[in-house]
There are 2 protein chains.
Amino acid sequence: MPRRSGEHAQLRLTADLVILTIRKDVLNILLIKRGNDPFPGSWALPGGFVSRDEPVDRTALRELEEETGIAGEALHLEQVRTYGAPDRDPRGRVVTVAYLGIAPDLPEPQPGTDATHAAWTPADRVLEGKLKLAFDHRTIVEDAVERARSKLEYTSLATAFCTEPFTIADLRRVYEAVWGETLDPGNFSRKVTKTDGFVEPTGDHRVGETGRPPLLYRRGKAVTLYPPILRTRIGGSGSTA
Amino acid sequence: MPRRSGEHAQLRLTADLVILTIRKDVLNILLIKRGNDPFPGSWALPGGFVSRDEPVDRTALRELEEETGIAGEALHLEQVRTYGAPDRDPRGRVVTVAYLGIAPDLPEPQPGTDATHAAWTPADRVLEGKLKLAFDHRTIVEDAVERARSKLEYTSLATAFCTEPFTIADLRRVYEAVWGETLDPGNFSRKVTKTDGFVEPTGDHRVGETGRPPLLYRRGKAVTLYPPILRTRIGGSGSTA
DNA sequence: TCAAAAGTGTTGTGAATACACCCATGG
DNA sequence: CCATGGGTGTATTCACAACACTTTTGA
């Protein structure tokens with residue numbers, strides 16, 4: 001199938017990561033400050049080049065650890081999509097595979113290779129354009145966050161934000177932070193505990209905080225939720241992409 | 001960020017296409033019979049190498065036309081995901097970006113470059129393993145078909161299978177073919193016509209067939225459907241991936 | 001007149017919302 | 001005893017599945 005071999009040799013492949021977590025009830029994203037060309041000093045997603053014979057998924061985990069010191073254990077990681085516009089990188093033809101990672105609240109990241117800083121940043125600062133990112137990383141963030149938002153509806157992804165054991169209110173705060181809307185605590189509790197396989201009670205209560213001690217849960221076996229937990233569409237005409 | 005330049009030079013990128021259509025109320029997929037190494041004589045997805053400075057999306061359309069004679073006009077095309085296992089291609093490191101295409105019933109494909117045959121094939125023959133495909137193309141087909149099945153639920157994707165103008169029954173047969181289940185005609189009709197922006201009446205009827213002449217519709221403006229048209233989950237425990 | 005297909009009416013069931021209210025703890 | 005957050009009760013609204021039934025054509 002190749003036409004002339006020279007036509008393909010210049011292309012390089014990277015993996016970039018959108019790592020999301022909830023910090024103080026706010027959706028945060030892991031960013032690094034670039035140390036090298038291009039865009040030195042700019043904020044960007046962690047990521048880097050795929051090595052020969054390295055699965056792309058492993059590139060993602062390796063770069064995450066190299067640039068931020070965060071290990072991929074206990075991290076939900078899934079591919080979002082691939083960005084292949086010819087002019088997206090000034091270094092030449094660089095195609096990137098974007099990943100979405102979901103983490104429970106993690107320690108401060110430690111900058112490593114190619115990064116002078118690594119920090120959790122409220123996702124809204126990127127989505128609202130107040131913080132500019134290098135390359136087409138803002139688009140990647142938008143797509144990844146929308147993926148997370150919609151997967152909260154029909155999968156058990158929200159539990160990946162929680163450290164076990166967690167309470168129903170912990171889970172509700174995940175939905176509220178990711179969707180940016182408040183939910184009725186009572187109705188949410190019922191819906192979650194009645195959705196087969198979403199969460200399993202441990203039998204214990206969480207103590208030490210004010211208010212009635214909540215029951216503790218761990219992740220259930222279900223991957224997809226039926227019925228789904230739908231966002232409230234305003235207007236309902238549904239012309240959103 | 002590159003370590004040694006030699007580490008990246010060997011990687012090549014392809015675009016592969018899962019083109020779906022409905023033929024005689026059955027979900028069909030467009031396959032080619034390979035003319036070249038590797039796997040000559042095997043059935044496979046249409047696709048080919050990304051050229052220098054060519055957007056990956058354009059590669060997909062170009063290869064589709066080159067190998068099957070089908071033009072990308074009036075074709076819904078979206079990326080599914082990227083497959084990057086190091087050993088997925090015996091020629092070396094070849095990473096592929098898979099696309100899902102949805103087409104209304106099209107003429108017979110004409111084999112072109114690198115393909116000795118091109119044909120519509122019932123998707124079940126591939127999904128049930130009765131027809132073996134080259135590379136990891138069966139996995140790609142499974143993922144693409146599952147994407148189509150779930151997007152029928154919460155988007156207006158089904159209309160991409162229909163030639164305008166179409167009837168509600170045409171649309172119902174799309175759902176039935178893709179989901180592999182029968183739907184109640186009356187309830188389906190109500191649901192579709194009441195879902196804001198899904199279809200718009202043209203005012204005309206289709207004549208010449210037996211039975212009461214159905215109203216004709218064109219695609220509405222909505223991209224997402226609310227409320228969604230959900231598949232009937234049996235058992236409901238939702239442990240599917 | 002009959003078969004076939006389209007589309008409406010009707011009814012019972014289940015789920016979602018809004019919100020009142022009770023529970024169990026820390027201060 | 002009060003504030004705080006967790007959780008249940010309940011009425012209303014809404015959506016859906018099942019299926020009877022009417023409509024309108026071709027044969």
Side-chain angles (χ1 to χ4, degrees), chain A residues 24-25 152-154 162 165-177 179 181-217 224-236 238, chain B residues 24-25 152-154 162 165-176 179 181-196 198-217 225-238:
Chain A
K24 303 204 209 82
D25 296 346
L152 287 200
E153 296 189 289
Y154 55 90
C162 299
F166 52 85
T167 69
I168 300 298
D170 292 337
L171 200 56
R172 175 168 48 83
R173 281 185 276 267
V174 169
Y175 277 86
E176 291 178 334
W179 284 353
E181 60 186 72
T182 58
L183 301 172
D184 182 278
N187 291 338
F188 183 84
S189 174
R190 238 184 319 234
K191 209 173 332 192
V192 164
T193 51
K194 294 226 157 98
T195 298
D196 201 12
F198 195 178
V199 295
E200 289 177 358
T202 65
D204 295 331
H205 295 261
R206 175 171 293 171
V207 291
E209 293 161 36
T210 180
R212 171 174 167 182
L215 282 165
L216 286 166
Y217 295 84
T224 61
L225 304 182
Y226 188 80
I229 300 180
L230 297 175
R231 284 177 277 186
T232 14
R233 265 76 170 180
I234 52 222
Chain B
K24 304 204 209 84
D25 296 346
L152 252 46
E153 296 189 291
Y154 56 91
C162 299
F166 51 85
T167 69
I168 300 298
D170 292 337
L171 200 56
R172 174 168 49 82
R173 281 184 277 267
V174 169
Y175 277 87
E176 292 179 334
W179 286 352
E181 61 185 72
T182 59
L183 300 172
D184 182 277
N187 292 337
F188 183 83
S189 173
R190 237 182 320 234
K191 212 178 321 196
V192 164
T193 51
K194 296 227 155 99
T195 299
D196 201 14
F198 195 178
V199 295
E200 288 177 359
T202 65
D204 294 331
H205 294 261
R206 174 172 293 171
V207 291
E209 292 161 35
T210 182
R212 170 174 168 181
L215 283 165
L216 287 167
Y217 295 84
L225 304 183
Y226 188 81
I229 299 181
L230 297 175
R231 283 178 277 187
T232 13
R233 265 76 170 182
I234 50 214
S237 97

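Chain identifiers are assigned alphabetically (A, B, ...) following the order of the sequence lines, protein sequences preceding nucleic acid strands; residue numbering begins at 1 within each chain. Given the structure is predicted, the values throughout are model-derived calculations rather than measurements.
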In whole Å, what is the span from the [atom1] atom of [X] to the [atom2] atom of [N]?
{"X": "A:Glu209", "N": "D:dT4", "atom1": "CD", "atom2": "P", "value": "15 Å"}
{"X": "A:Leu216", "N": "D:dG5", "atom1": "CG", "atom2": "P", "value": "17 Å"}
{"X": "A:Asn187", "N": "D:dG7", "atom1": "CG", "atom2": "C1'", "value": "11 Å"}
{"X": "B:Tyr226", "N": "D:dC16", "atom1": "OH", "atom2": "P", "value": "10 Å"}
{"X": "A:Arg231", "N": "C:dT17", "atom1": "CZ", "atom2": "P", "value": "14 Å"}
{"X": "B:Arg206", "N": "D:dG26", "atom1": "CZ", "atom2": "C1'", "value": "16 Å"}
{"X": "A:Asp184", "N": "D:dG5", "atom1": "CG", "atom2": "P", "value": "15 Å"}
{"X": "B:Lys194", "N": "D:dA15", "atom1": "NZ", "atom2": "C1'", "value": "11 Å"}

Side chain of A:Arg212, base of D:dT8: donor and acceptor closer than 3.5 Å? no
Regarding C:dG9, can its base be found pairing with the side chain of B:Arg190 as donor and acceptor, where the two atoms are less than 3.5 Å apart? yes
Quick one: on DNA chain C, does B:Gly186 or A:Gly186 contact a more 5' nucleotide (nearest heavy atom)? B:Gly186
Could you tell me whether [X] contacts a base, only the sugar-phosphate backbone, or nothing, with contacts defined as non-hydrogen atoms closer than 4.0 Å?
{"X": "A:Leu230", "answer": "nothing"}
{"X": "B:Pro185", "answer": "nothing"}
{"X": "B:Pro213", "answer": "sugar-phosphate"}

Under a 4.5 Å cut-off applied to non-hydrogen side-chain atoms, are B:Pro201 and B:Leu215 in contact? no
Going by heavy atoms in the side chains, are A:Phe198 and A:Ile229 under 4.5 Å from each other? yes
If I compare all heavy atoms of [X] with all of [Y], which pair ends up nearest, and what's the gap?
{"X": "A:Val199", "Y": "A:Phe166", "result": "CG1-CE1, 3.7 Å"}
{"X": "B:Glu153", "Y": "B:Leu230", "result": "OE2-CA, 3.4 Å"}
{"X": "B:Leu152", "Y": "B:Tyr175", "result": "O-OH, 2.9 Å"}

Closest to the [X] side chain, choosing from [options]:
{"X": "B:Ala169", "options": "D:dA18, D:dG5, C:dA6", "value": "C:dA6"}
{"X": "B:Thr210", "options": "C:dG9, D:dG7, C:dA4", "value": "C:dA4"}
{"X": "A:Leu215", "options": "D:dA18, D:dG7, C:dT17", "value": "D:dG7"}

On the nucleotide D:dG6, are OP1 or OP2 found under 4.0 Å from the side-chain N or O atoms that A:Arg172 carries? yes
Strictly below 4.0 Å: does A:Lys191 bring a side-chain N or O up to OP1 or OP2 of C:dT17? yes
